[in-house]
Every structure is written in structure tokens, then in C-alpha cells.
Amino acid sequence: MKEEKNKNQSRWYAVHTYPGYEEAVARYLKQRIDSLEMHDKIFDILVPKEKKIKIQKGKRRIIEERIYPGYVFVRMVLTEDSWYVVRNTPRVTGFLGADSTRPTPLNDEQVEELLRMTKKEEPEFKLTFNLGDVVRINDGPFKGYEGKISEIDKQRGKIKVLVPIFGRETPVEIDFLQAKKIG
């Protein structure tokens with residue numbers, strides 16, 4: 001009952017970490033919460049990530065990137081004990097806020113945005129091309145060629161580019177990440 005009451009009074013705080021150690025800090029913090037029995041004061045730990053599409057070695061891969069490198073977000077009731085547990089977790093450098101001994105909680109809009117960004121399941125294709133745009137192919141077997149876009153497939157994230165090969169325009173289908181708009 002006490003835990004539920006405290007959870008309703010909890011706020012989200014941004015905790016600064018060494019860059020690249022966000023996942024480790026989240027693990028360390030969960031272990032400390034368990035061992036020090038702080039479940040009634042510290043409730044959630046979040047390392048916000050989003051899925052992105054990248055081309056690596058000519059293949060499309062979906063990778064997860066941290067949205068806020070160097071930060072872990074913690075929902076807790078701020079007391080001397082909870083502040084001490086989080087602050088003294090390995091790789092934590094402090095709380096976000098003007099006064100490191102009195103952390104500033106995130107406002108409701110910031111929390112909503114943070115939670116919304118982490119709920120996206122599949123990465124979205126962000127096509128910035130239009131039919132007729134001239135592009136330079138920057139990856140794959142046609143790297144360095146320039147051509148005009150003749151088709152756009154938003155569902156698959158592919159474009160067809162008319163590339164001049166042996167004096168005639170040849171349609172080449174590529175991933176939209178393999179092209180860059182010219183001009």
C-alpha cells in the first residue's frame with residue numbers, strides 16, 4: 001500500500017552518466033534497488049532508445065540508438081535515501097539540475113515526449129525525395145553515379161533511379177539511404 005502511495009507521488013529525474021555506460025548504470029541501479037530494498041522509493045529506470053535504419057556493408061539493418069546519450073531517466077520519490085542510492089551508483093556523475101543536491105524533476109510534457117519516443121516499434125522511412133530529383137548514389141555497386149528518380153516506393157524505402165550507363169538511362173532500384181539529393 002505504501003509503495004502504491006509513493007508511486008503516485010513519484011517524479012521523473014534525468015541522471016547524468018559517463019557516455020556509453022547508460023545500460024550498465026541501469027543494471028547497477030536495478031541491483032542496488034534490490035539489495036537495498038528501495039522498491040518503495042525508486043520505481044522505473046529508462047534508457048530511451050529508438051530504432052533506426054542504417055546501411056552497413058550494402059545491407060539494410062535496423063539498429064537501436066540511444067536518444068539521449070549520457071542520460072538515464074529514473075522515476076522515484078526524492079528522499080535522502082533514494083538520492084544517495086542513485087547518486088552513488090557506479091558510473092553516475094550526478095542529476096540534471098542547477099543544484100546537484102536538489103535535482104530538478106522533468107515536467108509532464110518532457111515525460112510524455114520521452115515515453116512517446118520510446119514506444120515506437122518500427123523505424124519510419126523518412127523520404128526526402130520527390131519524383132524527378134537528381135541524386136548521387138553513395139553506396140553499393142552504382143556508387144558515384146548520378147541519376148534522376150523515376151519511382152518512389154515509400155512502403156519498402158526504395159527508389160528507382162535512371163542512371164546513364166553506356167549512353168542510355170537504365171533504371172536501378174536502390175534503398176533510399178543509398179542516395180543523396182544533389183542541389
Side-chain angles (χ1 to χ4, degrees), residues 1-56 59-130 152-158 175-177 180-181:
M1 190 70 180
K2 182 181 176 187
E3 185 175 325
E4 193 59 40
K5 181 183 174 214
N6 280 350
K7 197 169 189 175
N8 291 335
Q9 296 172 349
S10 66
R11 302 288 306 267
W12 283 94
Y13 295 88
V15 178
H16 192 263
T17 69
Y18 292 126
Y21 287 94
E22 299 86 356
E23 293 293 331
V25 166
R27 274 195 318 277
Y28 295 147
L29 195 47
K30 286 175 186 169
Q31 290 169 352
R32 289 175 58 87
I33 291 166
D34 288 341
S35 67
L36 299 170
E37 296 181 5
M38 294 294 290
H39 296 283
D40 63 330
K41 293 188 176 107
I42 304 173
F43 305 103
D44 294 308
I45 302 162
L46 178 65
V47 179
K49 294 179 184 173
E50 67 181 344
K51 292 181 180 179
K52 291 190 173 181
I53 301 168
K54 297 272 183 176
I55 299 289
Q56 294 174 333
K59 295 193 176 176
R60 181 189 304 193
R61 301 203 189 283
I62 296 176
I63 61 165
E64 278 193 335
E65 279 189 359
R66 288 181 300 280
I67 299 171
Y68 297 106
Y71 290 95
V72 173
F73 297 88
V74 179
R75 186 167 67 137
M76 63 187 219
V77 174
L78 187 64
T79 64
E80 286 291 321
D81 293 341
S82 63
W83 177 84
Y84 183 83
V85 168
V86 175
R87 178 66 187 91
N88 290 297
T89 299
R91 310 277 191 262
V92 168
T93 59
F95 281 87
L96 189 66
D99 181 2
S100 61
T101 61
R102 208 67 208 143
T104 306
L106 301 175
N107 66 41
D108 292 340
E109 294 82 37
Q110 292 168 319
V111 171
E112 285 176 29
E113 177 67 14
L114 187 67
L115 296 174
R116 185 188 60 73
M117 287 172 25
T118 58
K119 285 194 170 127
K120 286 184 189 171
E121 285 301 313
E122 286 302 311
E124 297 171 5
F125 293 117
K126 294 179 184 142
L127 295 177
T128 57
F129 302 117
N130 296 310
I152 298 175
D153 184 345
K154 289 185 179 184
Q155 270 67 29
R156 294 177 43 229
K158 302 275 187 184
D175 196 283
F176 77 96
L177 293 172
K180 184 173 179 151
K181 198 173 188 176

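Values below: all heavy atoms of this structure, side chains included; hydrogens, waters and symmetry mates excluded.
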Once you round to the nearest 0.5 Å, how far does CG of L114 lie from CD of E109?
-> 13.0 Å
Considering residues, nucleotides and ligands other than K181, do more than 12 of their heavy atoms fall under 6.0 Å from its NZ?
-> yes
Heavy atoms only: give me the nearest R11-N107 pair and the separation to one decimal.
-> NH2-CA, 4.4 Å
Trace of the side chain to side chain contact (heavy atoms under 4.5 Å, CB included) decision for H39 with D34 = CA-CA 7 Å; H39 296 283; D34 288 341; 2.8 Å; yes
Check the pair V77 / F43 against side chain to side chain contact (heavy atoms under 4.5 Å, CB included), numbers first and verdict last.
-> CA-CA 9 Å; V77 174; F43 305 103; 3.9 Å; yes
Centres of the Y71 and H16 rings: under 6.0 Å?
-> yes
Specify whether F95 and Y13 have parallel, tilted or perpendicular ring planes, treating 30° as the upper limit for parallel and 60° as the lower limit for perpendicular.
-> perpendicular
Mind listing the closest non-hydrogen atom pair of F73 and W12 along with its distance?
-> O-CZ3, 3.6 Å
Heavy-atom closest pair, residues I45 and K30 = CD1-CG, 3.5 Å
Looking only at heavy atoms, what is the nearest atom pair of P90 and R32, with distance?
-> CD-CD, 4.3 Å
With K41, the side chain to side chain contact (heavy atoms under 4.5 Å, CB included) member among L78, I33, D81 | D81
Picking from R66, R27, K49, what satisfies side chain to side chain donor-acceptor pair (under 3.5 Å) with E22?
-> R66
Taking NZ, NE, NH1 and NH2 as the nitrogens, is one of them in D44 or R75 under 4.0 Å from a carboxylate oxygen of the other?
-> yes
Can you sort out the partners of R91 under side-chain contact (heavy atoms from CB on, under 4.5 Å), two or more places apart, ordered by chain and number?
-> Y18, Y21, V25, Y28
Side-chain contact test, heavy atoms from C-beta onward, threshold under 4.5 Å: evaluate it for L46 versus L115 and give yes or no.
-> yes
Heavy atoms only: give me the nearest T104-G97 pair and the separation to one decimal.
-> OG1-CA, 3.6 Å
Judged by atom type as modelled, is there a donor-acceptor pair below 3.5 Å linking the side chain of S82 to the main-chain atoms of I42?
-> no
